[in-house]
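Written out below as structure tokens is the structure these notes cover.
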Number of protein chains: 2
Amino acid sequence: MEKKKPAGQPDKRQAIINGALALFARDGYTRASLDAIAAEAGVSNRTIYNHFNDKAELFQTVIQESTQRVADTVVDVIDRHLSKVVDLETDLVDLGLAWLAVLTSDLAPHFALIRQINAETEHIPPAALRLWQDTGPGRVRRELAARLRQIADRGHLTIDDPTRAAGHLMLLISADNLADRAMLNDKDEVTAMVSAGVHVFLYGYKR
Amino acid sequence: MEKKKPAGQPDKRQAIINGALALFARDGYTRASLDAIAAEAGVSNRTIYNHFNDKAELFQTVIQESTQRVADTVVDVIDRHLSKVVDLETDLVDLGLAWLAVLTSDLAPHFALIRQINAETEHIPPAALRLWQDTGPGRVRRELAARLRQIADRGHLTIDDPTRAAGHLMLLISADNLADRAMLNDKDEVTAMVSAGVHVFLYGYKR
DNA sequence: ACCCGATTACATCGTCCGTTGCATTTCATG
DNA sequence: CATGAAATGCAACGGACGATGTAATCGGGT
């Protein structure tokens with residue numbers, strides 16, 4: 001009784017977006033059919049067109065939604081680990097582990113979606129592409145850069161270009177992830193990767 | 001007379017592979033139609049089926065061919081810059097610049113193809129995926145790791161895991177490339193990125 | 001000049017997909 | 001209970017695409 005279906009507008013739209021995210025992430029824009037998305041969302045094909053004008057609009061909406069969600073969580077992870085630094089190395093390692101935990105969380109499909117975006121670059125309107133860059137990875141990068149600047153100002157590191165340093169740290173933390181994603185399931189390998197990455201970052205920007 | 005069309009087998013197959021590479025790289029596996037590939041290759045649709053059983057086989061062939069080509073050149077770049085080291089930092093920077101030059105050379109489509117592969121992971125037979133990993137990025141990584149081990153043995157660096165170090169160097173050299181590929185056209189930005197990346201790598205693995 | 005395999009143009013089949021129209025059903029609201 | 005907006009099921013369209021068959025054409029090797 002609690003979850004009776006409200007025939008009205010409420011959460012159908014969200015269900016569509018979630019289902020579309022799952023299929024776009026796995027199959028890509030072209031391969032993911034609207035019928036399959038409708039089935040995944042537990043919704044009629046026709047209903048999708050009551051909420052979105054066409055497939056492209058749905059795709060862009062999915063990108064924005066998912067990007068917003070993930071950016072929020074990652075920014076939160078950054079703030080939680082770098083707002084007050086006690087021991088820089090262990091704090092950075094913890095940050096890296098928490099970061100990678102997001103990759104295997106329920107937000108995992110988002111990162112498959114990102115790979116789709118990176119592949120579809122030529123077929124996505126540049127405006128949407130810039131918007132994504134700015135509210136997604138760009139925002140995370142800026143947040144991390146700001147934290148690094150604080151840390152540098154306290155004399156722990158020497159950073160001339162915090163934005164670039166933020167990029168370096170992001171890459172070093174998840175280095176092997178780009179080569180072999182299956183490794184994310186081995187806890188020991190993950191900590192080894194993060195520790196090594198943080199170590200290089202720390203000594204690379206030492207003093 | 002020199003370039004008379006030999007109606008026979010010779011280079012049609014190569015033309016098909018080249019055309020398919022161009023279209024697969026830009027449009028992805030599903031979006032790239034065989035008619036478009038045939039047109040791009042200056043070849044009849046039917047001829048493609050004289051050389052390949054189906055679209056999937058053509059795709060895998062293209063991946064193997066292009067991967068082989070690019071891995072050869074990149075390995076060559078590595079050997080040319082790290083076989084004899086005079087000044088490690090400038091040699092690494094030169095390596096990085098030569099590396100990035102490949103990304104904008106005539107082999108550029110290959111890296112768009114890689115993004116397609118990364119997106120299509122779920123739809124490519126694992127065997128083909130492993131083969132690609134091994135003959136492509138894996139081979140490059142091993143080659144670079146071997147060179148780094150030599151350098152470390154001579155006392156210039158402290159490297160416990162050369163393979164991981166190779167991964168770090170590859171990422172640090174092309175750091176910003178993942179975020180903004182348009183930057184590859186600005187020579188100053190490229191050298192700044194490479195210099196910064198090499199610097200972090202060098203001090204990160206300093207003895 | 002002849003032959004044979006490669007190539008081509010063309011036509012076709014079956015399928016899937018995006019999109020729309022329409023009639024029907026569902027349910028919260030008043 | 002009546003109303004209306006939202007959702008659904010169904011059918012259909014136009015188009016694109018992978019794949020195959022066939023007959024004609026081309027061009028080099030004997």
Side-chain angles (χ1 to χ4, degrees), chain A residues 1-63 116 120 122-125 128, chain B residues 1-63 116 120 122-125 128:
Chain A
M1 302 211 202
E2 328 301 323
K3 318 193 281 183
K4 267 303 176 189
K5 289 191 176 182
Q9 325 82 336
D11 41 12
K12 293 282 181 182
R13 182 187 176 93
Q14 199 56 46
I16 295 173
I17 293 179
N18 291 338
L21 169 59
L23 289 200
F24 280 142
R26 175 160 56 87
D27 296 344
Y29 178 78
T30 310
R31 212 190 287 256
S33 76
L34 284 176
D35 285 337
I37 293 175
E40 175 77 19
V43 151
S44 168
N45 175 323
R46 203 62 181 75
T47 301
I48 298 182
Y49 285 94
N50 291 344
H51 291 272
F52 306 94
N53 288 325
D54 54 16
K55 196 182 183 183
E57 184 184 313
L58 172 60
F59 189 55
Q60 291 194 27
T61 305
V62 168
I63 292 178
Q116 302 295 343
E120 293 263 352
E122 307 274 0
H123 304 281
I124 300 179
Chain B
M1 294 237 211
E2 326 302 323
K3 313 196 284 181
K4 267 303 177 192
K5 287 194 178 183
Q9 328 79 337
D11 41 13
K12 293 283 181 181
R13 181 186 175 93
Q14 198 56 46
I16 294 173
I17 293 180
N18 291 338
L21 169 60
L23 289 200
F24 280 142
R26 175 160 56 85
D27 297 343
Y29 178 78
T30 309
R31 213 190 287 256
S33 77
L34 284 175
D35 284 337
I37 293 175
E40 174 79 18
V43 150
S44 167
N45 175 323
R46 201 66 179 76
T47 302
I48 298 182
Y49 285 94
N50 291 344
H51 291 272
F52 307 92
N53 288 325
D54 55 16
K55 197 182 182 183
E57 183 183 315
L58 172 62
F59 189 55
Q60 292 195 26
T61 305
V62 168
I63 292 178
Q116 301 293 345
E120 294 264 352
E122 307 275 0
H123 304 280
I124 300 178

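Being a predicted model, the structure only gives us computed values, none of them experimental. Numbers restart at 1 for each chain; the letters A, B, ... are given by sequence-line order, proteins then strands.
- When the C1' atom of C:dA9 is taken as reference, atom CD1 of B:Ile48 falls 14 Å away, rounded to whole Å.
- Which of C:dT19, D:dA19, D:dT8 sits closest to the side chain of B:Tyr49 comes down to D:dA19.
- In this structure, the CG atom of A:Asp11 is 13 Å from the C1' atom of C:dA28, given to the nearest Å.
- Atom CD1 in B:Ile37 sits 9.5 Å away from atom CD1 in B:Ile16 (nearest 0.5 Å).
- With sequence neighbours excluded, the residues that form a side-chain hydrogen bond (donor to acceptor under 3.5 Å, both in side chains) with A:Glu57 are A:Asn53.
- Distance from the side chain of A:Lys12 is smallest for D:dT8 among the nucleotides C:dT19, D:dT8, C:dT8.
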Name the atoms and distances for all side-chain donor-acceptor pairs under 3.5 Å in residues 24-31 of chain A, with sequence neighbours left out.
from, atom 1, to, atom 2, distance (Å)
A:Asp27, OD1, B:His123, NE2, 2.9
A:Tyr29, OH, A:Ala56, N, 3.2
A:Arg31, NH2, B:Glu120, OE1, 2.4
A:Arg31, NH2, B:Glu120, OE2, 3.4

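- End-to-end axis angle for the helix from C:dA1-D:dT30 to C:dG30-D:dC1, using five pairs per end and rounding to 10°, comes out at 10°.
- Note: CZ (A:Phe52) to C1' (C:dT19) measures 16 Å, nearest angstrom.
- The stretch residues 15-37 of chain B touches DNA chain D through B:Ala32, B:Ser33, B:Leu34, each having a heavy atom within less than 4.0 Å of the strand.
- The shortest distance between the side-chain N/O atoms of B:His51 and the OP1/OP2 oxygens of C:dT7 is below 4.0 Å.
- Per the geometry, CG belonging to B:Asn50 stands 13 Å off P belonging to C:dG5, to the nearest Å.
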Taking only nitrogen or oxygen atoms into account, show me every contact under 3.5 Å that the protein makes with nucleotides 11-15 of chain C, one pair per line with its distance.
none

**OP:** Using a 4.0 Å cut-off on protein heavy atoms (strictly under), produce a 5'-to-3' string for nucleotides 10-15 of chain D with B for base contact, S for backbone-only sugar-phosphate contact, and - for none.
**Re:** ------

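- To the nearest 0.5 angstrom, B:Gln116 atom CD is 9.5 Å from B:Ile124 atom CD1.
- Between B:Phe52 and B:Ile17, the closest heavy-atom pair is CZ-CG1, 4.0 Å.
- Interatomic distance, CG of A:Leu21 versus CG of A:Leu58, reported as 10.0 Å (0.5 Å rounding).
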For residues 38-46 of chain A, please give each side-chain donor-acceptor pair under 3.5 Å, one per line with the distance, not counting sequence neighbours.
from, atom 1, to, atom 2, distance (Å)
A:Ser44, OG, A:Arg46, N, 3.2
A:Asn45, ND2, A:Asp35, OD1, 2.6

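- Using modelled atom types, one side-chain atom of B:Lys55 and one backbone atom of B:Ala32 make a donor-acceptor pair closer than 3.5 Å.
- What you find for A:Tyr49 and A:Leu34 is that their closest heavy atoms are OH-CD1, 2.8 Å.
- Rounded to whole Å, atom C1' of D:dT20 lies 13 Å from atom CG of B:Asn53.
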